[in-house]
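Here is the naming used below: chain letters follow the sequence lines, and residue numbers restart at 1 for every chain. Values in this document were obtained by computation on a predicted structure and should not be read as measured data.
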2 protein chains.
Amino acid sequence: MNENIESKLKSKNIKPTAMRLLVLKVLSEQKSTISLPELEKKFEKADKATLYRTLKTFEENKLIHSIDDGSGSVKYALCQDDCKCYPEDLHVHFFCVKCKKTYCLNDIPVPVIDLPMNFSLESVNMVVKGVCPICRL
Amino acid sequence: MNENIESKLKSKNIKPTAMRLLVLKVLSEQKSTISLPELEKKFEKADKATLYRTLKTFEENKLIHSIDDGSGSVKYALCQDDCKCYPEDLHVHFFCVKCKKTYCLNDIPVPVIDLPMNFSLESVNMVVKGVCPICRL
DNA sequence: TTTGTTCGTGCAACCAAGTTGCAAACTTAT
DNA sequence: ATAAGTTTGCAACTTGGTTGCACGAACAAA
Ligand SMILES: [Mn+2]
Ligand SMILES: [Mn+2]
Ligand SMILES: [Zn+2]
Ligand SMILES: [Zn+2]
C-alpha cells in the first residue's frame with residue numbers, strides 16, 4: 001500500500017520524500033477534491049509553503065491536476081493513471097453549492113468546442129455548479 | 001448615449017446613481033472582460049468597496065455576469081440584452097495565456113452535458129485557455 | 001571519507017483580492 | 001421638516017497564494 005504510493009511518485013519522476021509520501025497519501029484518500037488550506041488542516045503541524053510547493057511539484061509532473069471552481073481557493077485531485085493533461089484527457093468538474101465540495105466527473109470528458117478563427121486551444125476548465133447527490137437527500 | 005446607459009440601469013431595476021452610471025459606462029466600453037482591480041484603475045479616485053458593491057448589485061440584477069478564469073481575479077462583462085443567466089443563456093469564455101485578457105465568446109453556447117444521476121444543474125463556468133488572435137500575430 | 005553542490009523544508013514576511021463595519025452623505029417617503 | 005432607508009467612502013481585516021532566506025539532508029565528485 002505504502003509501496004504503491006512510493007512507486008506512484010517514482011513513476012512520475014518525483015523523489016519520494018517523507019513529506020511527499022504523506023501528502024500523496026492524503027490526496028489518495030480524498031473522495032472529492034482538496035484545496036491547499038484544507039490540506040493544511042489535515043496535518044497537525046505542517047508548513048503552508050512546503051505543502052504549496054509539494055502541490056506545485058505534483059502538478060508540474062502531472063500527478064495531480066488543479067481545478068478552479070470559483071470558490072476562492074484552487075482545488076486539487078489525482079490525475080487518472082494515463083492522464084497527460086492534454087485537452088482530450090480533461091474531464092468536467094462539479095461544484096456543489098451546498099456543501100462546497102468539488103468532484104471530478106472522470107467519466108465526462110470536456111466537450112470539444114469550435115473556437116472562432118485564430119484562437120488556439122491549450123486547455124479547458126469546465127465547472128458545473130449545482131447540488132450533489134448527498135446534499136439532495 | 002448617456003440616456004442609453006441610464007435606461008439600461010432602470011430596465012434592470014437598479015437606481016441610476018452617479019457612481020453606477022460611471023461604472024456602467026466603463027463596462028460598456030470594454031472589448032474584453034474586466035476585473036475589480038482593473039476597474040479601480042480606470043478611475044482617478046474611487047473606492048474599492050464601492051466598486052465592489054456596485055459590481056455585486058449589477059450582477060445580482062443580471063446586468064453583468066462574472067467569469068472565473070483562473071487568473072486570480074474574477075472578471076466581469078455585460079450580459080446580452082435578453083440574458084437571464086440561465087444555464088441555456090450561458091456562453092463560453094476564452095482566456096489568453098499571453099495577454100491575460102478574457103473574452104466572452106457570445107456566439108458559443110456552453111455545451112449541454114449529461115450529469116450523473118442525482119446531480120442537479122444550476123450553472124456552468126467554461127473557460128477555454130489558449131492564445132488570442134491578437135497575440136498570435 | 002571529505003568536500004562541495006543540489007534539493008527539500010520550515011519560518012517569516014509579504015502581496016493581492018475580496019470582504020466587512022461603521023459613520024457620513026444623500027434620497028425618498030411621511 | 002423630519003424620519004427612514006440607501007449609497008458611498010474610509011479603514012480595517014481575512015484569506016489564499018507566493019517568495020526570500022537559512023538550515024539541513026541527500027547526493028555526487030574528488
Ligand atoms: Mn478532476
Ligand atoms: Mn461572458
Ligand atoms: Zn453537496
Ligand atoms: Zn492575447
- request: Quick one: which residue pairs count as a side chain to side chain donor-acceptor pair (under 3.5 Å) with a foot in residues 67-77 of chain A, not counting sequence neighbours?
  value: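 Output for this query lists A:Asp69-A:Ser71, A:Asp69-A:Lys75, A:Asp69-A:Thr102.
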- request: Return each pair, listed once, that meets side chain to side chain donor-acceptor pair (under 3.5 Å) where at least one residue sits in residues 31-43 of chain A; pairs must be two or more places apart or across chains.
  value: A:Ser35-A:Glu38
Specify the separation, in whole Å, of atom [atom1] of [X] and atom [atom2] of [N].
{"X": "A:Asp47", "N": "D:dG16", "atom1": "CG", "atom2": "P", "result": "15 Å"}
{"X": "B:Leu51", "N": "C:dT20", "atom1": "CG", "atom2": "P", "result": "16 Å"}
{"X": "A:Ile34", "N": "D:dG17", "atom1": "CD1", "atom2": "P", "result": "12 Å"}
{"X": "A:Glu40", "N": "D:dT14", "atom1": "CD", "atom2": "P", "result": "16 Å"}
{"X": "B:Lys45", "N": "D:dA11", "atom1": "NZ", "atom2": "P", "result": "11 Å"}
{"X": "A:Leu22", "N": "C:dT9", "atom1": "CG", "atom2": "C1'", "result": "13 Å"}
{"X": "A:Glu38", "N": "D:dG17", "atom1": "CD", "atom2": "P", "result": "10 Å"}
{"X": "B:Phe43", "N": "D:dG9", "atom1": "CZ", "atom2": "C1'", "result": "15 Å"}

Among all residues two or more places apart in sequence or in another chain, which pass the side chain to side chain contact (heavy atoms under 4.5 Å, CB included) test with [X]?
{"X": "B:Asp89", "result": "B:Cys83, B:Lys84, B:Tyr86"}
{"X": "B:Leu22", "result": "B:Phe43"}
{"X": "B:Lys15", "result": "B:Arg20"}
{"X": "B:Ser11", "result": "none"}

message: Checking A:Phe119 now: which residues fulfil ring-ring contact (aromatic ring centres under 6.0 Å, His included) with it, not counting sequence neighbours?
response: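 So A:Phe119 forms a ring-ring contact (aromatic ring centres under 6.0 Å, His included) with B:Phe94.
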- prompt: For C:dC7, does either OP1 or OP2 sit under 4.0 Å from a side-chain N or O belonging to A:Thr17?
  reply: no
- prompt: Hydrophobic cluster mates of B:Val112, side-chain heavy atoms under 4.5 angstrom, ILVMFWY only, any path?
  reply: none
query: A:His65 vs A:His91 aromatic rings, parallel, tilted or perpendicular, using cut-offs 30° and 60°?
result: perpendicular
So which protein nitrogen or oxygen atoms get under 3.5 Å of nucleotides 15-19 of chain C's nitrogens or oxygens?
residue	atom	partner	partner atom	Å
C:dG18	OP1	B:Val74	N	2.8
C:dG18	N7	B:Lys48	NZ	3.3
C:dG18	O6	B:Lys48	NZ	2.6
C:dT19	OP2	B:Tyr52	OH	2.8
C:dT19	O5'	B:Tyr52	OH	2.9

query: Which pairs with one or both residues in residues 44-65 of chain B pass salt bridge (charged side-chain N to carboxylate O under 4.0 Å, His left out), sequence neighbours excluded?
result: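 Passing the test, one end in residues 44-65 of chain B: no pairs.
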Atom pairs, protein N/O to nucleotides 28-30 of chain C N/O, distance under 3.5 Å:
none

query: Counting heavy atoms not belonging to B:Lys101, are there more than 12 under 6.0 Å from its NZ?
result: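 Counting other residues, nucleotides and ligands, NZ of B:Lys101 stays at 12 neighbours or fewer.
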Taking only nitrogen or oxygen atoms into account, show me every contact under 3.5 Å that the protein makes with nucleotides 22-24 of chain C, one pair per line with its distance.
none

